[in-house]
2 protein chains.
Amino acid sequence: MKAGRALKLWQEICLSQVLDEMPDLSLRQTTILLTIYLEPPPHTVRGLAAKLNVTKPVITRALDTMGALELVNRRRDENDRRNVLIQRTVRGSVYLEKLADLIIDKYGETA
Amino acid sequence: MKAGRALKLWQEICLSQVLDEMPDLSLRQTTILLTIYLEPPPHTVRGLAAKLNVTKPVITRALDTMGALELVNRRRDENDRRNVLIQRTVRGSVYLEKLADLIIDKYGETA
DNA sequence: GCATACTGTTACGCTAGCGAAATTATTGGC
DNA sequence: GCCAATAATTTCGCTAGCGTAACAGTATGC
């Protein structure tokens, strides 16, 4: 892959997201969502904050927003009730499937 | 490219951007920047607003922000002084070169 | 049982983004 | 010359994000 193609790919994916009616997720929100879906559970606020090198309220707020969109679910850890476990949802899976399709599609187009 | 790899690629690129000290550009800002650099000039506020399907103040504000970061430059069109022509900068080129390297790098890693 | 440590959330003051509407500057029709 | 059209910006009220600091709930050591 060459630089021009990489940037063109990136541009088209970003543009598709901007044009999409779904309110844009921020870079941080997207990163959190992908981490929850791609890396093995359990996922906690503290763990995500450490991985992204941001403060815990950033994670709490992102979970509030994405929770309202039903992309993510929160649940108390019954083993240690201080923890909150972050879980996947059907809607979140669908959202990421569509994102994957978009990437693959644009990757093919720029070939 | 399969779905899992596409998402992993996307996650790693997003994470790198989040971890980077440079203040994150929003999806819209990134799209504007890429469009300016990848598509043939001239670029105007109106043209970009139409392409992204957003209002003109969104473009004005994005140019303010990215102008302050010296990623982009504004110049009056001397032919029709109502227009503003948006131009590339050295710093913007460097920024996108680094982005391209990152994409290529992560694409290689996920292979 | 009580102090301490730890987890996630809330409160606070602030900044940046948003769309709609008003405003300024410029052009072109007539 | 003047009026309507056009391009970009500014203003308005609003929402959502940010980090710091304070807070509430839970677990653990002694």
Side-chain angles (χ1 to χ4, degrees), chain A residues 14-15 17-36 41-87 95, chain B residues 14-15 17-36 39 41-87:
Chain A
C14 287
L15 182 57
Q17 299 246 287
V18 169
L19 293 177
D20 195 44
E21 61 224 25
M22 170 80 102
D24 302 347
L25 296 185
S26 73
L27 210 52
R28 288 175 175 196
Q29 289 167 341
T30 302
T31 307
I32 292 167
L33 188 62
L34 282 163
T35 299
I36 293 164
H43 297 288
T44 63
V45 172
R46 176 174 171 68
L48 290 169
K51 180 169 181 88
L52 274 68
N53 194 34
V54 294
T55 59
K56 288 190 293 178
V58 169
I59 306 296
T60 295
R61 277 188 296 258
L63 296 178
D64 287 345
T65 302
M66 293 193 291
L69 296 171
E70 294 180 72
L71 297 175
V72 133
N73 206 266
R74 262 188 279 214
R75 189 181 187 174
R76 211 88 218 175
D77 179 356
E78 290 304 332
N79 249 22
D80 180 343
R81 294 184 48 77
R82 287 174 301 183
N83 288 325
V84 163
L85 302 179
I86 297 127
Q87 301 181 307
Y95 177 87
Chain B
C14 288
L15 181 57
Q17 298 245 288
V18 169
L19 293 177
D20 194 46
E21 61 224 25
M22 169 81 101
D24 302 347
L25 296 185
S26 73
L27 211 51
R28 291 174 173 199
Q29 289 167 342
T30 302
T31 307
I32 292 168
L33 188 62
L34 282 163
T35 299
I36 293 165
E39 305 199 348
H43 298 290
T44 63
V45 172
R46 177 173 172 69
L48 291 169
K51 182 170 180 86
L52 274 68
N53 194 33
V54 295
T55 59
K56 287 191 293 178
V58 169
I59 307 296
T60 295
R61 277 188 296 261
L63 296 179
D64 287 345
T65 304
M66 293 194 293
L69 296 171
E70 293 180 75
L71 296 175
V72 132
N73 205 266
R74 259 190 281 213
R75 189 181 186 175
R76 213 85 218 180
D77 179 356
E78 290 303 333
N79 249 21
D80 180 341
R81 293 183 51 75
R82 285 173 302 182
N83 288 325
V84 162
L85 302 179
I86 297 127
Q87 302 181 306

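Numbers restart at 1 for each chain; the letters A, B, ... are given by sequence-line order, proteins then strands.
B:Ile59 pairs in a side-chain contact (heavy atoms from CB on, under 4.5 Å) with only one of the listed residues (B:Asp64, B:Val54, B:Val84), which is B:Val54.
Between B:Gln87 and B:His43, the closest side-chain pair of non-hydrogen atoms is not below 4.5 Å.
Every residue meeting the side chain to side chain contact (heavy atoms under 4.5 Å, CB included) condition with A:Arg46, not counting sequence neighbours, appears here in chain and number order: A:Thr44. Residues satisfying the salt bridge (Lys or Arg N to Asp or Glu O under 4.0 Å) criterion with B:Arg81, sequence neighbours excluded, are B:Glu78. Every side chain to side chain contact (heavy atoms under 4.5 Å, CB included) that A:Arg82 has, sequence neighbours left out, goes to A:Asp80.
Here A:Gln29 reaches the OP1 or OP2 of D:dG17: one of its side-chain N or O atoms lies under 4.0 Å away. Distances shorter than 4.0 Å separate some side-chain N or O of A:Thr60 from OP1 or OP2 on C:dT9. Here A:Thr65 does not reach the OP1 or OP2 of D:dA16: none of its side-chain N or O atoms lies under 4.0 Å away. Between A:Asn83 and D:dT26 there is no side-chain polar atom (N or O) within less than 4.0 angstrom of OP1 or OP2.
The salt bridge (charged side-chain N to carboxylate O under 4.0 Å, His left out) contacts involving residues 53-62 of chain B comprise nothing, where partners must be two or more places apart or lie in separate chains.
At whole-Å resolution of the value, CG in A:Asn73 and P in C:dG8 are 16 Å apart. In this structure, A:Asp64 places its CG atom 11 Å from P of D:dA16, rounding to the nearest Å. Computed from coordinates, the B:Ile32 CD1 to C:dC18 C1' distance equals 13 Å when rounded to whole Å. Per the geometry, CG belonging to A:Leu52 stands 14 Å off C1' belonging to D:dC18, to the nearest Å. Rounded to a whole Å, the CG atom of B:Leu85 is 12 Å from the C1' atom of D:dA8. Atom CZ of B:Arg46 and atom C1' of D:dT9 are 15 Å apart (whole Å). When rounded to the nearest whole Å, the span between CG of A:Leu63 and C1' of D:dA16 equals 15 Å. If you measure from atom NE2 of B:His43 to atom P of D:dA8, you get 13 Å, rounded to the nearest angstrom.
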Kindly list each side-chain donor-acceptor pair under 3.5 angstrom involving residues 26-34 of chain B, sequence neighbours excluded, with atom names and distances?
from	atom 1	to	atom 2	distance (Å)
B:Ser26	OG	B:Arg28	N	3.4
B:Ser26	OG	B:Gln29	N	3.1
B:Gln29	OE1	B:Ser26	N	2.9
B:Thr30	OG1	B:Ser26	O	2.9
B:Thr31	OG1	B:Leu27	O	2.7

Anything under 3.5 Å between a protein N or O and an N or O of nucleotides 19-27 of chain C, put it in a table, one pair a line.
from	atom 1	to	atom 2	distance (Å)
C:dG19	OP2	B:Thr55	OG1	3.0
C:dG19	N7	B:Arg61	NH2	3.4
C:dG19	O6	B:Arg61	NH1	3.4
C:dT27	OP1	B:Arg81	N	3.3

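When heavy atoms are screened at a 4.0 angstrom cut-off, B:Thr44 is found touching the sugar-phosphate backbone but no base atom.
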